[in-house]
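Shown next, in structure tokens, is the structure this report addresses.
It should be emphasised that the depicted structure is a prediction, and the values quoted were computed from it without experimental measurement. Chain identifiers are assigned alphabetically (A, B, ...) following the order of the sequence lines, protein sequences preceding nucleic acid strands; residue numbering begins at 1 within each chain.
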Protein chains: 2
Amino acid sequence: MKRNTEQINYRENTEALAKFAKALGHPTRIAILKHLENQSCCFTGDLVDVFPLAQSTISQHLKELKKVGLIQGELKPPKIKYCINQQNWNIAKTLFQQFFD
Amino acid sequence: MKRNTEQINYRENTEALAKFAKALGHPTRIAILKHLENQSCCFTGDLVDVFPLAQSTISQHLKELKKVGLIQGELKPPKIKYCINQQNWNIAKTLFQQFFD
DNA sequence: ATTTCTTATCGCAAATATGCGATTGGTTTT
DNA sequence: AAAACCAATCGCATATTTGCGATAAGAAAT
């Protein structure tokens with residue numbers, strides 16, 4: 001139950017870092033991102049072959065990653081090509097670096 | 001519902017990174033850690049004054065951070081002094097660095 | 001011994017997250 | 001136009017997270 005936390009004004013960076021961390025807080029999503037780092041890009045279908053998870057589940061995780069901006073989908077009919085969003089990736093990278101100083 | 005995910009054997013580093021990320025995935029916990037970085041150490045009571053959250057809630061968050069090893073509690077009767085666990089902190093730092101290469 | 005102080009834990013309620021099958025929506029091919 | 005393909009979304013079940021007040025547990029001070 002989020003009562004008080006919602007009203008707290010954390011520093012902007014704190015919120016942003018937590019948001020990225022939350023998105024990274026699941027092994028499947030880490031694995032997906034690692035896969036994207038190697039392949040530079042890939043399609044949802046590829047991932048369904050790599051992980052023993054339902055297509056809808058993979059799609060869910062991709063949605064989470066897209067929500068925080070770590071990846072982006074490019075329409076490449078009839079497929080969708082997912083890539084790392086370098087700009088936000090670098091923002092996340094910097095936030096983590098600063099955090100661990 | 002975790003059905004298949006539990007059976008997947010991700011690489012060890014993937015699991016570890018996700019575990020740390022999950023623990024960092026809440027602004028209050030980020031803020032607590034930032035506080036510990038500045039103070040080097042502090043007591044639960046101090047945090048209750050810093051954040052407008054119930055004592056039990058702070059204690060919960062500290063428990064999470066302790067669970068993944070990012071902090072440790074030292075009995076300093078009648079208080080408990082919390083510090084960053086440098087060893088695990090460095091492990092986490094390295095994992096994130098490698099991840100973002 | 002009793003009171004006080006500090007922190008952890010319990011029990012509850014509500015919100016989120018996770019996973020799946022089934023369905024839908026949009027293309028492309030036939 | 002119909003069939004096939006790909007990916008997102010819906011609806012559901014279950015698990016986990018978040019937060020609080022109340023209580024318990026431990027030590028210190030009176």
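- Distance I32(A) CD1 to dA7(D) C1': 14 Å, rounded to the nearest Å.
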Sequence neighbours left out, cut at 3.5 Å: what donor-acceptor pairs do the side chains of residues 88-95 of chain B make with other protein atoms?
residue : atom : partner : partner atom : Å
N88(B)  : ND2  : G69(B)  : O            : 3.1
N90(B)  : ND2  : Q86(B)  : O            : 3.2
K93(B)  : NZ   : D101(A) : O            : 3.1
T94(B)  : OG1  : N90(B)  : O            : 2.8

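- Within the 4.0 Å cut-off from OP1 or OP2 of dA17(C), at least one side-chain nitrogen or oxygen of K22(A) is found.
- If you take CG of D46(A) and C1' of dA7(D), they are 13 Å apart, rounded to a whole angstrom.
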Using a cut-off of under 3.5 Å, enumerate the N/O to N/O pairs linking the protein to nucleotides 8-11 of chain C.
residue : atom : partner : partner atom : Å
dA8(C)  : OP1  : Y82(B)  : OH           : 2.2
dA8(C)  : OP2  : S59(B)  : OG           : 2.8
dA8(C)  : N7   : Q55(B)  : NE2          : 2.9
dA8(C)  : N6   : Q55(B)  : OE1          : 3.0

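- The salt bridge (charged side-chain N to carboxylate O under 4.0 Å, His left out) check on K67(B) picks up E64(B), with sequence neighbours excluded.
- Summarising the geometry, the separation between CD1 on I71(A) and C1' on dA7(D) is reported as 13 Å, rounded to the nearest angstrom.
- By the side-chain hydrogen bond (donor to acceptor under 3.5 Å, both in side chains) test, K66(B) is found to be paired with Y82(B), residues two or more places apart in sequence or in another chain being considered.
- Straight-line distance from the CD1 atom of I58(A) to the C1' atom of dC6(D): 14 Å, rounded to whole Å.
- As a whole-Å value, the separation of D49(A) CG from dC6(D) C1' is 12 Å.
- Among residues two or more places apart in sequence or in another chain, the side-chain hydrogen bond (donor to acceptor under 3.5 Å, both in side chains) test is passed with S59(B) by none.
- Scanning for side-chain hydrogen bond (donor to acceptor under 3.5 Å, both in side chains) contacts around Q72(B) gives N85(B), with sequence neighbours left out.
- The distance from atom NE2 of H26(A) to atom P of dT17(D) is 11 Å, rounded to the nearest whole Å.
- Rounded to whole Å, the distance from CG on L47(A) to C1' on dC6(D) is 13 Å.
- Between the CD atom of Q72(A) and the P atom of dA8(D) there is a distance of 14 Å, given to the nearest Å.
- For the pair V50(B) and I32(B), the minimum side-chain heavy-atom distance is 4.5 Å or more.
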